[in-house]
Amino acid sequence: MNSFDSCGYHKKTTIMHGFYFELRATDGSKWRFLEHKGPVLAPPYEPLPGHVRFFYDGKPMKLSAAAEEVATFFAKMLDHEYTTKDIFRKNFYKDWRKEMTSEEKSKITDLTKCNFTEMSEYFKAQSEARKQMSKEEKLKIREENERILQEYGFCVMDNHKERIGNFRIEPPGLFRGRGDHPKMGMLKRRIRPEDIIINCSKDSKHPKPPQGTRWKEVRHDNKVTWLVSWTENIQGSIKYIMLNPSSRIKGEKDWQKYETARRLKKCVDRLRAQYRDDWKSKEMRIRQRAVALYFIDKLALRAGNEKEEGETADTVGCCSLRVEHIKLYPKMDDQEYVVEFDFLGKDSIRYYNKMPVEKRVFKNLQLFLENKQPEDDLFDRLNTSILNKHLQELMDGLTAKVFRTYNASITLQQQLKELTSPEESIPAKILSYNRANRAVAILCNHQRAPPKTFEKSMQNLQTKIDEKQKQLSTARKQLKGAKTEHKASHGDGSKKMVEVKRKAVQRLEEQLMNLQMQATDREENKQIALGTSKLNYLDPRISVAWVKKWDVPIEKIYNKTQREKFAWAIDMAEEDYEF
DNA sequence: TTCTAGACTTGTAATCAGCAAG
DNA sequence: CTTGCTGATTACAAGTCTAGAA
């Protein structure tokens with residue numbers, strides 16, 4: 001172990017799930033050895049068969065390979081709402097023209113005269129055919145995928161073989177920005193080996209580029225965790241291939257995140273007292289900072305970095321809220337000082353909420369709004385960097401997003417305490433768990449569109465419940481009958497029969513209860529997505545402790561992937577764990 | 001001090017796979 | 001044996017936050 005000391009590592013003794021978070025560098029390095037096979041590139045373009053035609057102005061027209069490829073991207077999306085949107089069409093058309101020959105360019109002058117239906121039908125038929133393949137063919141494909149996974153899906157980092165998250169380079173296509181994205185429909189170009197940077201250790205076997213090509217660069221930077229990167233052409237941002245959440249490097253980071261949130265727990269009272277005090281500050285910037293922090297804490301708003309105008313959809317977070325996003329009501333119904341929030345947040349998901357606030361906050365907001373236009377910033381003296389600098393001074397490692405983690409996790413813990421009753425059945429406990437999870441999802445505004453099949457699936461479940469009810473009443477009648485029989489005969493056989501029937505009734509009652517529980521759960525979950533908070537905000541040790549305390553099988557709350565991601569917590573947390 | 005590139009986390013949507021019902 | 005539904009998995013977009021250049 002001396003060699004580790006000499007290169008800046010020290011031993012950490014916490015034992016975690018078969019591996020240790022053992023060697024933590026003190027010099028910012030993330031690994032000592034990294035070997036991998038590089039990325040899987042997108043398959044090359046396969047030209048359409050001759051009988052699949054593109055029509056312009058009603059007449060068939062053979063396109064050059066480059067123009068045809070981009071046309072197929074559009075054809076594949078023909079049934080999607082995107083292709084009806086003006087911006088999407090405009091951006092697509094503009095980028096498509098860049099791929100055309102000059103001849104094509106002069107001929108094709110109007111997107112509305114382009115007919116992609118034959119191409120679209122062809123792809124639909126293809127995917128239909130794929131579904132219709134025989135078992136053997138499907139198996140063959142599965143085996144081939146498995147082989148690729150085995151070859152490219154793993155790497156060696158330090159002493160461990162680790163699963164890679166995304167080892168495939170994103171294929172070319174049309175950019176699908178969310179919300180009103182000004183760049184939707186633009187061509188996402190094909191990534192070639194010459195665009196790709198490989199990161200691995202010097203003393204590893206370097207990944208080989210395909211025959212006749214070369215990587216853009218091979219570097220050996222152990223201060224970062226990525227294996228492969230390339231620059232994407234829509235926003236000019238960098239994309240990475242990184243390890244799976246089950247990996248040591250991700251797990252340890254995740255653990256750290258929750259430890260930071262727990263440190264916040266210890267000082268949150270002090271911090272709250274401080275920002276309340278700051279509402280009275282003589283300085284505008286301090287008041288703004290304090291009110292913003294109050295929102296972040298109380299409403300779990302995101303920080304709200306500024307974004308470059310025209311480059312992305314117009315969405316905001318706390319620091320970037322504008323005057324038009326809030327309304328003040330001195331009185332609303334039976335409440336005083338109500339603030340109404342209505343804005344588009346991350347992924348253009350609407351945040352709508354009415355919250356009564358303290359008088360002092362309300363008065364401050366009125367002050368911030370004075371002499372401003374709707375499109376002006378609410379917090380004109382504040383941005384995320386100022387806020388985070390302040391937070392950093394209050395607690396080491398504190399940033400705005402830690403509040404979301406902290407509030408989510410503490411809410412789960414409180415709700416679990418409140419909702420779990422010891423004598424409940426396991427399904428009832430699971431319902432309680434999901435309700436606690438739901439409280440968090442609502443806090444974090446993790447909404448979803450009700451599933452398209454929601455009504456139907458509810459109905460199906462109800463039919464099952466009705467059926468079960470019928471079965472139950474029949475079983476009850478039979479039990480009654482058996483009892484009468486037994487009273488008359490007092491025989492061993494009839495006694496047994498009563499027991500059998502009693503068991504049957506009991507089993508059916510249980511099954512009915514479970515179905516009803518399921519129905520309640522699903523109904524309550526109609527517009528709420530639990531996955532995001534479960535995966536990113538809830539300290540898994542809270543859930544593991546709860547599961548251990550109440551003898552609930554862990555599979556009931558974490559599926560396989562989640563158990564892999566949270567292996568460290570499953571290993572670490574005892575039933576008395578306290579966030 | 002401000003700006004930007006870079007690295008990493010968080011988020012929804014699309015697709016896949018397995019299974020129960022018809 | 002197919003079909004249709006559901007939960008799991010994958011894809012990739014969209015955030016946060018930091019560090020270092022200008």
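So you know, we letter chains A, B, ... as the sequences are listed, proteins then strands, and number each from 1. No hydrogens, no waters, no symmetry mates; every other heavy atom, side chains included, goes into these values.
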Next item on the list: Check the pair E143(A) / K140(A) against salt bridge (charged side-chain N to carboxylate O under 4.0 Å, His left out), numbers first and verdict last.
Entry: CA-CA 5 Å; E143(A) 281 172 348; K140(A) 221 170 152 189; over 6 Å; no
Next item on the list: Begin from the C-alpha positions of T225(A) and Y240(A) and carry the test side chain to side chain donor-acceptor pair (under 3.5 Å) through to its verdict.
Entry: CA-CA 9 Å; T225(A) 66; Y240(A) 304 92; over 6 Å; no
Next item on the list: Check the pair E564(A) / R163(A) against salt bridge (charged side-chain N to carboxylate O under 4.0 Å, His left out), numbers first and verdict last.
Entry: CA-CA 11 Å; E564(A) 280 166 11; R163(A) 180 85 190 269; 5.3 Å; no
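Between E311(A) atom CD and dA5(B) atom P the separation is 11 Å, expressed in whole Å. Rounded to a whole Å, the CZ atom of F167(A) is 13 Å from the P atom of dC12(C). In this structure, NZ of K223(A) is placed 13 Å from P of dA7(B), rounded to the nearest angstrom. Distance N305(A) CG to dG6(B) P: 18 Å, rounded to the nearest Å. The CG atom of D254(A) sits 15 Å away from the C1' atom of dT16(C) (whole-angstrom rounding). Between I386(A) atom CD1 and dC3(B) atom P there is a gap of 12 Å when expressed in whole angstrom units. With rounding to whole Å, N222(A) atom CG is found 15 Å from dA7(B) atom C1'. Regarding F123(A), its CZ atom lies at a distance of 14 Å from the P atom of dT15(B), rounded to whole Å.
Q447(A) comes within 4.0 angstrom of the backbone, heavy atoms only, and of no base. No contact: A313(A) has no heavy atom under 4.0 Å from any strand. Residue P245(A) is classed as having no contact, given no heavy-atom separation below 4.0 Å to the nucleic acid. At a threshold of 4.0 angstrom between heavy atoms, the contacts of S229(A) with the nucleic acid are absent. Residue contacts for G304(A): at a heavy-atom cut-off of 4.0 Å it reaches the sugar-phosphate backbone alone, with no base atom in range. Using a 4.0 Å heavy-atom cutoff across all strands shown, R404(A) reaches sugar-phosphate atoms only and no base atom.
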Just the atom pairs and distances: protein N or O near nucleotides 20-22 of chain B's N or O, under 3.5 Å.
none

Contacts under 3.5 Å, N or O only, protein and nucleotides 18-22 of chain C:
none

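Considering only residues two or more places apart in sequence or on other chains, W215(A) meets the ring pair (Phe, Tyr, Trp, His ring centres under 6.0 Å) condition with none of them. By the side-chain contact (heavy atoms from CB on, under 4.5 Å) test, R168(A) pairs with V40(A), N145(A), I148(A), sequence neighbours left out. Applying the side-chain contact (heavy atoms from CB on, under 4.5 Å) rule to E308(A) yields the partners E311(A); only residues at least two apart in sequence or on another chain are considered. Listed by chain and residue number, E170(A), W230(A), E232(A) satisfy the side-chain contact (heavy atoms from CB on, under 4.5 Å) test with K239(A) (two or more places apart in sequence, or in another chain). In this view, Q415(A) satisfies the side-chain hydrogen bond (donor to acceptor under 3.5 Å, both in side chains) rule with no residue, not counting sequence neighbours. Residues that satisfy the side-chain contact (heavy atoms from CB on, under 4.5 Å) test with I286(A), not counting sequence neighbours, are D278(A), S281(A), E283(A), R289(A).
Between dG6(B) and R219(A), no contact under 4.0 Å exists linking OP1 or OP2 to a side-chain N or O. Applying the 4.0 Å criterion to OP1 and OP2 of dG11(B), one finds that Y537(A) has a side-chain N or O inside that range. For Q235(A), a side-chain nitrogen or oxygen approaches OP1 or OP2 of dA14(C) to under 4.0 Å. Distances shorter than 4.0 Å separate some side-chain N or O of K30(A) from OP1 or OP2 on dC8(B).
Distances were taken from every side-chain heavy atom of E170(A) (C-beta onward) to each of dT12(B), dC17(C), dA13(C); the shortest belongs to dA13(C). Ranking dT9(B), dA11(C), dT10(B) by closeness to the K257(A) side chain, first place goes to dT10(B). Checked against dG11(B), dC8(B), dC12(C), the side chain of H446(A) finds its nearest nucleotide in dG11(B).
Taking the centre of each ring, F175(A) and H181(A) come in below the 6.0 Å mark. You'll find the ring centres of H446(A) and Y537(A) inside the 6.0 Å limit. In summary, the aromatic rings of F74(A) and F92(A) are positioned with their centroids under 6.0 Å apart.
Under 3.5 Å, the side chains of N222(A) and S201(A) contain no donor-acceptor pair of N or O atoms.
The pair R89(A)-D86(A) does not count as a salt bridge, with every side-chain nitrogen at least 4.0 angstrom from each carboxylate oxygen. Salt-bridge check for K124(A) with E128(A): failed, with every basic side-chain N at 4.0 Å or more from each acidic carboxylate O.
Between K560(A) and K401(A), the residue anchored closer to the 5' end of DNA chain C is K560(A), taking for each the nucleotide with the nearest heavy atom. Toward the 5′ end of DNA chain C lies the nearest nucleotide of Q562(A), the other residue of the pair Q562(A) and E306(A) mapping further downstream. Of the two residues contacting DNA chain B, namely W226(A) and T532(A), the nearest-nucleotide position lying further toward the 5' end is that of W226(A).
Partner I296(A) forms a side-chain contact (heavy atoms from CB on, under 4.5 Å) with one of L391(A), N407(A), L387(A) and no other, that one being L387(A). With D380(A) as the partner, the side chain to side chain donor-acceptor pair (under 3.5 Å) test is satisfied by one option alone out of R322(A), Q288(A), R285(A): Q288(A).
Listed by residue number, the members of residues 344-352 of chain A with any heavy atom below 4.0 angstrom from DNA chain C are G345(A), K346(A), D347(A). The stretch residues 237-244 of chain A touches DNA chain B through I238(A), Y240(A), M242(A), each having a heavy atom within less than 4.0 Å of the strand. Near DNA chain C, defined here as any heavy-atom distance below 4.0 Å, the residues from residues 175-190 of chain A are F175(A), R176(A), G177(A), R178(A), H181(A), K188(A), listed numerically. Scanning residues 78-88 of chain A for heavy-atom distances under 4.0 Å to DNA chain B yields H80(A).
The side-chain heavy atoms of R263(A) and D396(A), taken from C-beta on, include a pair separated by under 4.5 Å. The shortest side-chain heavy-atom distance between V224(A) and K30(A) does not fall under the 4.5 Å cut-off.
No more than 12 heavy atoms of other residues, nucleotides or ligands lie within 6.0 Å of CD in E81(A), so this atom counts as exposed by the packing criterion. Sparse packing is recorded around CG of D180(A), with 12 or fewer heavy atoms of other residues, nucleotides or ligands lying under 6.0 Å away.
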